[in-house]
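Numbers here are sequence positions counted from 1. Only a predicted model underlies this, so the values are computations on that prediction, with no experimental measurement involved.
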Amino acid sequence: AIFPARYSRICNMGHRLSKIYTRTGDAGSTGLADGSRVSKDSARIAALGELDRHFARSEPVVREIFDRIVAAVEELGPVEVLAEKTRIALHVRMSFAAFVPRRRCLDGHVVLAERLDSPRFTRVETYSAHNILHAFRLSLADEVDTEVLDWLARSYQVGQQRHLRR
């Protein structure tokens, strides 16, 4: 019989493991990619699961785009990645950027202290004199280029509320 591809993926999942014993114990911690260990109850670990939910229906390139953005922002300083119900926000003292993963692209916006002009912006909305939302869409990892990195650096300053200290 011929089955739809979706059915064959479900049938080929094999046995599901509910518990795995390593016999080494972990004292309630888990390892991160950088070699450090954090508590399994850590908000960071919970956020990783929530992030996976946001990207569940996206192609791998969408997660790659997002990971490049987060890595670039982490170069600027500490940042919280907040997996909310409908979006993923980047936050310092306030949220300065947000993203919505789609199947083949990443929709995002940055909040800037001034209006910038770029053909890559799909929408620009002014909320107050120094809080201007600039929306964009990225479809390729290489689109996280110097222009996007500049937007992120400027919006990080807004997130730190440095634009208010003039």
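A salt bridge does not link Asp145 with Arg68: none of the charged nitrogens is closer than 4.0 Å to a carboxylate oxygen. Electrostatic pairing of Asp107 and Arg87 does not count as a salt bridge here, judged by no charged N lying under 4.0 Å from a carboxylate O. A salt bridge is defined here as a Lys NZ or Arg NE, NH1 or NH2 lying under 4.0 Å from an Asp or Glu carboxylate O, and Glu147 with Arg120 meets this definition. Using a 4.0 Å cut-off between a side-chain N of Lys or Arg and a carboxylate O of Asp or Glu, Glu114 and Arg154 qualify as a salt bridge.
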query = After noting the C-alpha distance and the side-chain angles of Ile65 and Phe99, does the key distance pass the side-chain contact (heavy atoms from CB on, under 4.5 Å) rule?
reply = CA-CA 11 Å; Ile65 294 166; Phe99 301 92; over 6 Å; no
task = Check the pair Asn131 / Met94 against side-chain contact (heavy atoms from CB on, under 4.5 Å), numbers first and verdict last.
result = CA-CA 11 Å; Asn131 286 296; Met94 65 175 266; 3.8 Å; yes
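Note that Arg63 lies in the cation-pi zone of Phe55, set by a 6.0 Å cut-off to the ring centre and a 45° limit from the axis.
The minimum heavy-atom distance linking Glu80 with Val92 is given by the pair OE2-O, 4.4 Å. Closest non-hydrogen pair, Leu76 versus Ala153, comes out as CD1-CA, 3.6 Å. What you find for Val61 and Leu140 is that their closest heavy atoms are CG2-CA, 4.4 Å.
Distance check: Arg115 CZ to Glu125 CD gives 10.0 Å after rounding to the nearest 0.5 Å. Here Ser155 contributes atom OG and Asp150 contributes atom CG; the two are 9.5 Å apart, rounded to the nearest 0.5 Å. Taken from CZ in Phe66 to CG in Leu51, the straight-line distance is 5.5 Å, to the nearest 0.5 Å. To the nearest 0.5 Å, the span separating OG on Ser58 from CZ on Arg103 amounts to 8.0 Å.
Side-chain contact between Leu90 and Ile69: present, with at least one pair of heavy atoms (C-beta onward) separated by less than 4.5 Å. The side-chain heavy atoms of His54 and Pro101, taken from C-beta on, include a pair separated by under 4.5 Å. Side-chain contact check for Leu106 versus Val100: every heavy-atom pair is 4.5 Å or farther apart. Two residues are said to be in side-chain contact when any heavy atoms from C-beta on lie closer than 4.5 Å; Leu152 and Glu75 fail this criterion. At a threshold of 4.5 Å between non-hydrogen side-chain atoms, the residues Arg102 and Arg104 do not count as touching.
Taken together through direct or relayed side-chain contacts under 4.5 Å among Ile, Leu, Val, Met, Phe, Trp and Tyr, Val79 and Val111 form parts of separate hydrophobic clusters. Val73 is not connected to Leu82 by any chain of hydrophobic side-chain contacts under 4.5 Å among Ile, Leu, Val, Met, Phe, Trp and Tyr, and they are in different clusters. Val158 and Leu116 are assigned to two separate hydrophobic clusters, defined by single-linkage of ILVMFWY side chains at heavy-atom distances under 4.5 Å. No continuous path of hydrophobic side-chain contacts links Tyr156 to Leu133 [ILVMFWY only; heavy atoms under 4.5 Å].
Not less than 6.0 angstrom separates the ring centroid of Phe96 from the ring centroid of Trp151.
Under the 3.5 Å distance criterion, the side-chain polar atoms of His134 are matched with a main-chain donor or acceptor of Ile132.
More than 12 heavy atoms of other residues, nucleotides or ligands shown are found within 6.0 angstrom of CD on Glu84.
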